[in-house]
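Notes follow once the structure below has been shown.
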Amino acid sequence: VLDPESVSAVLDSDPSNGNTREPLLKLIQMMRSLSFERRPQMSFRYGFFDDLHEDIGQSVFKPPNQFSFFSGDYTPSGVFNVAELVAPEAQLMSMGNIVRFTNGIFDFIHHGLAYGHQSRGFAPFYKQIGDVGDKSSSVGVLTYEPSADINTAIDDLATLLTAGRLSEENR
């Protein structure tokens, strides 16, 4: 993953390089990278990822038809269309889905995996928003502890969440 070719800045401007990850896979990758742990005393009442479709465009075991969540030949407008490249996963990227996904990740980090009815995030993370850090009603939490040194913590998170591709200006 950290091969020099895969982290080269020159490749970032090449539209045929890289890929878009499905929202559900992004969520699972984040949970694995930041060491999600389910609390054994809490049960999943509604299923782990129920009803994500309306919020991020994808949910487990509920594709809109028998083929997939997206068309295999979907081409977004812009550079991809001009280069005649396909990006099927990009079909799930509406502005609403992106905002809800980002809000859901924020709530998940600060409140854990919890249920309720007034979240800014996606369905399984719905809960009454309380104080940041209140994870008392969550069924699971991210257990990753960053280093006390901010530069080391940023380097670790860049490796865990972006495979080392976080540019210097974004650090």
Side-chain angles (χ1 to χ4, degrees), residues 1-38 44-109 111-115 117 119-127 139-142 144 156-171:
V1 173
L2 297 178
D3 183 273
E5 183 177 304
S6 69
V7 295
S8 170
V10 173
L11 294 176
D12 289 341
S13 62
D14 181 0
S16 65
N17 181 58
N19 65 352
T20 300
R21 185 172 287 170
E22 300 172 45
L24 190 59
L25 294 180
K26 281 193 289 191
L27 174 61
I28 292 170
Q29 184 258 335
M30 186 213 64
M31 291 173 72
R32 292 181 71 190
S33 295
L34 299 180
S35 305
F36 174 78
E37 286 186 13
R38 180 183 161 273
F44 294 116
R45 294 179 294 174
Y46 305 110
F48 197 57
F49 293 120
D50 264 2
D51 301 324
L52 281 176
H53 183 71
E54 288 95 29
D55 297 314
I56 65 172
Q58 190 176 28
S59 63
V60 178
F61 307 123
K62 293 182 182 177
N65 61 47
Q66 68 271 24
F67 299 109
S68 187
F69 292 97
F70 38 79
S71 171
D73 59 354
Y74 178 78
T75 301
S77 59
V79 177
F80 287 93
N81 200 348
V82 171
E84 297 179 354
L85 298 170
V86 296
E89 295 87 350
Q91 191 172 3
L92 303 176
M93 296 177 129
S94 69
M95 185 53 71
N97 288 350
I98 292 169
V99 169
R100 283 186 296 271
F101 185 85
T102 303
N103 287 339
I105 293 297
F106 178 85
D107 286 348
F108 186 22
I109 290 168
H111 300 284
L113 176 63
Y115 295 95
H117 298 292
S119 173
R120 300 178 316 267
F122 29 88
F125 307 101
Y126 280 359
K127 71 171 282 161
V139 295
V141 295
L142 300 172
Y144 170 78
D156 289 349
L157 290 170
T159 301
L160 290 170
L161 300 176
T162 68
R165 298 196 64 190
L166 188 64
S167 64
E168 286 301 320
E169 65 261 12
N170 289 323
R171 287 177 185 250

So, for [X] and [Y], which heavy atoms are closest and what is the spacing to 0.1 Å?
| X | Y | value |
| --- | --- | --- |
| Gly164 | Arg171 | O-NH2, 4.4 Å |
| Val141 | Gly112 | CG1-CA, 4.4 Å |
| Pro76 | Ala87 | CD-CB, 3.8 Å |

Atom [atom1] of [X] and atom [atom2] of [Y]: how far apart are they, to the nearest 0.5 Å?
| X | Y | atom1 | atom2 | result |
| --- | --- | --- | --- | --- |
| Gln91 | Thr75 | CD | OG1 | 10.0 Å |
| Ile105 | Leu27 | CD1 | CG | 5.0 Å |
| Glu22 | Met93 | CD | CE | 11.0 Å |

Exercise for the section: Keeping the roles fixed (side chain from Ser33, backbone from Leu160), state whether a donor-acceptor pair exists under 3.5 Å. Expected result: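 Such a contact is found between Ser33 side chain and Leu160 backbone.
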So, do [X] and [Y] sit near enough that their side-chain heavy atoms are less than 4.5 Å apart?
| X | Y | value |
| --- | --- | --- |
| Leu157 | Leu34 | yes |
| Leu142 | Met30 | yes |
| Phe36 | Ile28 | no |

Practice task
Check the side chains of Arg100 and Asn103 for a donor-acceptor pair under 3.5 angstrom, ignoring hydrogens and angles.
Solution key: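 Result is no, nothing qualifies.
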